[in-house]
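Structure, as structure tokens:
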Protein chains: 2
Amino acid sequence: MKGLDRNALEQVAEYFQSLAEPTRLCLLNALRNGEMTVSELAEGAESTPANVSKHLSLLAKTGFVERRTQGTSAYYRITDPDIYALCDLVCGQIAKRLSAQAEAHNAFKKAARRA
Amino acid sequence: MKGLDRNALEQVAEYFQSLAEPTRLCLLNALRNGEMTVSELAEGAESTPANVSKHLSLLAKTGFVERRTQGTSAYYRITDPDIYALCDLVCGQIAKRLSAQAEAHNAFKKAARRA
DNA sequence: TGATTACTTAACTAATTGGTTGTATAGTAG
DNA sequence: CTACTATACAACCAATTAGTTAAGTAATCA
């Protein structure tokens, strides 16, 4: 990520955009355990099949998931498990921030006690 | 990222959302080389100071950058360089996809030649 | 065949967002 | 003080988007 032209930046942004929605993250997280149908995913995500289907087709378009049909059901699965490395990295970043916040909070309380 | 409640998912989504915009990625990329003023960043990103200022305050609010003023200028810098690990990981993912696409493209051409 | 199930998609609404423009603030120079 | 510079911010607009609703498609079963 050094000499990035506008086109490359847009690709990276689109990648992040796919992950910038709680419901989609929930779907990807559910798919950690293997492929699932739309209705199973909808139940797990506490959403409607229509909404989940829309999110899944976006994730399919951007290459995060793949689709397989069997009978009247559509099974979705993760294309490349490496994306979880990304999610875990982000979770680590957020955890780091939260602990930094906690530390700052403690420091503040300490200072308040001194005052 | 296993047992994630709605709140955690929203935090992660917000994190990704901050990175889901080409101009903001451009700013973060420019800040790899150290702190810069708003107008310097605006020039580098081929945007207006007002627009860049808005993006920077979002990045500051979500904790990606920090602000320092000197004279009439505002200098921004990266809070935690570890975010670049994330960006590089994403670039790697995208590169992987592009090469997969290229391979599929070649396979298609090969098949077409055979037909 | 008709009925049911599972999913997709189009149309719509409400909310969000990137960018622009104009105004306000703060520091600096004369 | 005024004038100028750098930045921030509010108001606004156009475009995008998450979610709902209803209609449409495809496979299964009586």
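If you're wondering where the values come from, they're calculated on a predicted model, not measured in any experiment. Labels below follow one simple rule: chain letters A, B, ... track the order of the sequence lines, proteins then strands, and each chain is numbered from 1.
- For A/S53, the side-chain hydrogen bond (donor to acceptor under 3.5 Å, both in side chains) test picks out no residue, with sequence neighbours left out.
- Residue contacts shown for A/T37 are limited to sugar-phosphate atoms, with no base heavy atom under 4.0 Å away.
- Applying the side-chain hydrogen bond (donor to acceptor under 3.5 Å, both in side chains) criterion to A/Q11, with sequence neighbours excluded, gives no partner residue.
- The two residues A/P49 and A/A42 come nearest to each other via the heavy atoms N-CB, 3.8 Å.
- As a whole-Å value, the separation of A/E21 CD from C/dT16 P is 13 Å.
- One atom, CG of A/L27, and another, P of C/dC7, lie 13 Å apart when rounded to the nearest Å.
- Residues from residues 56-79 of chain A that place a heavy atom under 4.0 Å from any atom of DNA chain D, listed by number: A/G71, A/T72.
- If you take CD of B/Q17 and C1' of D/dA18, they are 12 Å apart, rounded to a whole angstrom.
- Atoms CD (A/E35) and C1' (C/dA6) sit 15 Å apart, rounded to a whole Å.
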Atom pairs under 3.5 Å, N or O on each side, protein against nucleotides 11-16 of chain D: can you list them with distances?
none

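- A search for side-chain hydrogen bond (donor to acceptor under 3.5 Å, both in side chains) contacts involving A/Q70 returns A/R68, not counting sequence neighbours.
- Note: CD (A/E43) to C1' (C/dC7) measures 16 Å, nearest angstrom.
- Scored by the side chain to side chain contact (heavy atoms under 4.5 Å, CB included) test, B/K96 finds A/D80, A/D82, B/Q93 as partners (sequence neighbours excluded).
- With distances taken from any side-chain atom of B/S39 to the nucleotides D/dA8, D/dA6, D/dA18, the minimum falls on D/dA6.
- For the OP1/OP2 pair of C/dT17 and a distance below 4.0 Å, the side-chain nitrogens and oxygens of B/H55 include no atom meeting the criterion.
- Annotation: B/E43, atom CD; neighbour count of heavy atoms from other residues, nucleotides and ligands within 6.0 Å does not exceed 12.
- Nucleic acid contact for A/T23: sugar-phosphate only, since backbone atoms but no base atoms lie under 4.0 Å from a heavy atom of the residue.
- Qualifying side chain to side chain contact (heavy atoms under 4.5 Å, CB included) partners for A/A60, counting only residues two or more places apart in sequence or in other chains: A/V65.
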Under 3.5 Å, side-chain donor or acceptor atoms of residues 12-19 of chain A against the rest of the protein: list the pairs with distances, not counting sequence neighbours.
unit_1, atom_1, unit_2, atom_2, d
A/S18, OG, A/E14, O, 3.2
A/S18, OG, A/T62, OG1, 3.2

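- Here the C1' atom of nucleotide C/dG18 and the CD atom of B/E46 are 17 Å apart, to the nearest Å.
- Comparing D/dT20, C/dC7, C/dG22 by their nearest atom to the side chain of A/N51 picks out D/dT20.
- With sequence neighbours left out, the side chain to side chain contact (heavy atoms under 4.5 Å, CB included) criterion links A/S73 to A/T37, A/Y75.
- Rounded to whole Å, atom P of D/dA6 lies 14 Å from atom CE of B/M36.
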